[in-house]
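Here's the structure we're looking at; comments come further down.
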There are 2 protein chains.
Amino acid sequence: MATTLKDIAKKLGISEATVSLALNNNSLVNEKTKKRVHEAAKELKYFPNMIAKGLATNKSNTIGIIVPDINIVFYANILRAVDEIVNRAGYSLLAAMSNDDPKVEEEIIRTFISKRIEGVLAVPTNQPTKFLTSYQKALKEHNIPLVYITSLYTIDGIRYVMGDIREGTYMLVNHLVELGHKDIVFIGGNRTVPTTSLRREGYGRALTEHGIPIDEKNLIECDGIHYDQAVLATEELLQERHDFTAICAMNDEMALGVVNTLQKAKIRVPEDVSVVGYDNTIFSKVSMVGITSMDSDIEGTCRQAVDMLMQVIRGEEPEEPHIMVRPAIVQRQSSGKARR
Amino acid sequence: MATTLKDIAKKLGISEATVSLALNNNSLVNEKTKKRVHEAAKELKYFPNMIAKGLATNKSNTIGIIVPDINIVFYANILRAVDEIVNRAGYSLLAAMSNDDPKVEEEIIRTFISKRIEGVLAVPTNQPTKFLTSYQKALKEHNIPLVYITSLYTIDGIRYVMGDIREGTYMLVNHLVELGHKDIVFIGGNRTVPTTSLRREGYGRALTEHGIPIDEKNLIECDGIHYDQAVLATEELLQERHDFTAICAMNDEMALGVVNTLQKAKIRVPEDVSVVGYDNTIFSKVSMVGITSMDSDIEGTCRQAVDMLMQVIRGEEPEEPHIMVRPAIVQRQSSGKARR
DNA sequence: CTGTTAGCGCGTTCAA
DNA sequence: TTGAACGCGCTAACAG
């Protein structure tokens, strides 16, 4: 049996309550007994029982996070950052992955509620979904605050912190235009998903501002947002035409697929075609030519998301429930002057 | 306030105990009342309070896992597999990352114990460490079973399930030898760490069995086991000599670094030099030439580790506390006949 | 400053 | 088949 408050109270001949206060460094109890208590605790190898504490205080000291799939580098980055920040704030993190499966999501929410999670962070899937309502409803009924990371919902009362991918893509395309590029292909996912549509907006604005017309055939829509789909898209593109001088991929993994496919076709990067990615993940580094990318400041994003969540947990209403984090460009070798 | 057993008991005019039994589908309570209880529970949106339950049963229904860093693809793979398996077994998973920092590890263990985790899985760091004792001691004192994943300790009473990397490397080098290779370079990490030393053993055995002498200069030791270190090692290698026909890297990320560096130096893969990796992670796929690798059967490994842990939790002693999981080769384009 | 008491929500006796 | 009573380990309110 583990040693309890009672054990150490008995040993010292004082009451449980005093021991409890002493261990929590409450100023009500005098220094000498505090010291005795701490020593006894160490001696008896006392470990507070958080579940008992949780029952008594009705607080779990835990926050939950839902990510679609931890095997995706970008989500792993988020999880890592959140874990660190949450721990530093004295909370535990309960992580769960949904695999983009609504059934799993529901199960996760049930578990979260049963564990009396104090707040949840959610990184929504990359598919056009309606799960929004299911999350919201169950959590709201139980008064559990929710903050989205890296997504955008304009629905009322939804709090989020996201990287400003529209602005980031704008900056990236701007960078290309300034290098002399006019024929820039954008490779992304389903156009109805915010993560793609926002990037398209940024892409469009950069071109328009420079008086470059937007050509529909430069906007490629893939079935997914991973390496294989980018390879496929690039192969198809190369069969049709070679008149573009740059490719803007929606993330680094896809950019890597683009670079490899181009090089396989003896097209030099960046001499013949420039390529840019997004997120500054490991994929932008493990390429034969380093890939110019955007650092989304994941850490900053997560920090602000956790801060916002903590505010809501404390009962304060955050003054600004929608935060956009400005990214920064990371130049590598894959982007250079336009040919000719 | 969340609805409790009491609420639904009151509503139905029966006792809390009956409700509790009914919700747990205990056969003592008759079907009709069971049904009424379940309906009332749904109606009142009852969610069992796991912390109260935990206190009453003295069980947290949670197991903990420690990984060095979730940003490393291989560990993320493990975490994902374990999460799924543990959930299916009706447990929750509490994940923590140590960053290879003993202080953090200690903190994690404290939290685990305080949360009355029922068992822990640990994926040890890749450095020669002594943390073993600290883990062991604290957990043993609290009677919390521990199973290691993907590591090897020959110390008594330590349970583990690991991929048989010695055998896997043997198979891989064998594969190369059968393709006619004799001058095979091995690129790994610190030789005193089991994950490297075991691979070296497999490498050595494959050569010896074919009567090929082991050349010390073919055994390269890096400061780390990531992309950059592999690039560096390959660059240095190429400055010295070109007499090798194959490179066996200790993991896919390093293999990718090798392939890229070779190609940058206009050395063709596999025509001039064959390359193999290990773990069959995404890195073996996002290369210009797909990298031949070893599938460690992470899922199988994790399943067995969880099974073993569950056995110990139930109080049974696993008949075989040391399990080696046999890997399978995955051939891709990076390995071919030796030149000349 | 310290002790007493009463729950927190649930499972588990033991009676009825 | 059900109900009453108790305890898990801790905190909180109040009393001394």
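Quick note on labels: first sequence line is chain A, next is B, and so on, each numbered from 1. The analysis underlying the following values was restricted to heavy atoms, covering all of them including side chains, and did not include hydrogens, waters or symmetry mates.
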Check: Where the side chain of T301(A) meets the backbone of D297(A), is there a donor-acceptor pair that is under 3.5 Å apart?
Finding: yes
Next item on the list: Rounded to the nearest angstrom, tell me the gap between atom CD in E16(B) and atom P in dG3(D).
Entry: 11 Å
Next item on the list: Measure the distance from NZ on K32(A) to P on dT2(C) and round it to the nearest whole Å.
Entry: 10 Å
Check: Of the nucleotides dC1(C), dT2(D), dG3(C), which has the atom closest to the N30(B) side chain?
Finding: dT2(D)
Check: Quick one: on DNA chain D, does A17(B) or T57(B) contact a more 5' nucleotide (nearest heavy atom)?
Finding: A17(B)
Margin query: Using OP1 and OP2 only, check whether a side-chain N or O of S15(B) sits under 4.0 Å from dT2(D).
Written below: no
Checklist line | SB check E106(B) K103(B) (cutoff 4.0 Å) | finding: no
Notebook entry, point to check: Which whole-number value in Å describes the distance from I113(B) CD1 to dG9(D) C1'?
Noted result: 17 Å
Note to self: Taking any heavy-atom pair under 4.0 Å as a contact, classify L55(A): base, sugar-phosphate, or nothing.
What the structure shows: base
Note to self: Distance check needed: dC8(D) P versus N58(B) CG, whole Å only.
What the structure shows: 10 Å
Checklist line | Between dG9(D) (C1') and I51(B) (CD1): distance, integer Å | finding: 13 Å
Notebook entry, point to check: Between atom CG in L21(B) and atom P in dG9(C), what is the gap in whole Å?
Noted result: 19 Å
Check: Rounded to whole angstrom units, what separation is found between the NZ atom of K59(A) and the P atom of dC10(D)?
Finding: 17 Å
Check: Is the shortest distance from a Lys or Arg side-chain nitrogen in E16(B) or K10(B) to a carboxylate oxygen in the other one below 4.0 Å?
Finding: no
Next item on the list: Look at all strands and tell whether I14(A) reaches a base, only sugar-phosphate, or nothing, counting heavy atoms closer than 4.0 Å.
Entry: sugar-phosphate
Next item on the list: Kindly say if S20(B) contacts the phosphate of dG11(C), meaning a side-chain N or O under 4.0 Å from OP1 or OP2.
Entry: yes
Item checked: Protein-nucleotide distance (K6(B), atom NZ; dG7(C), atom P), rounded to Å -> 9 Å
Next item on the list: Report the relative orientation of the aromatic rings in F47(A) and H142(B); use parallel for angles under 30°, tilted for 30 to 60°, perpendicular for over 60°.
Entry: perpendicular
Checklist line | Residue met sooner reading DNA chain C from 5', once R116(A) and T33(A) are mapped to nucleotides | finding: T33(A)
Next item on the list: Return no unless some side-chain N or O of N49(B) is found under 4.0 Å from OP1 or OP2 of dC8(C).
Entry: no
Margin query: Taking the basic N atoms (NZ, or NE/NH1/NH2) and the acidic carboxylate oxygens, is any pair closer than 4.0 Å for R159(A) and E317(A)?
Written below: yes
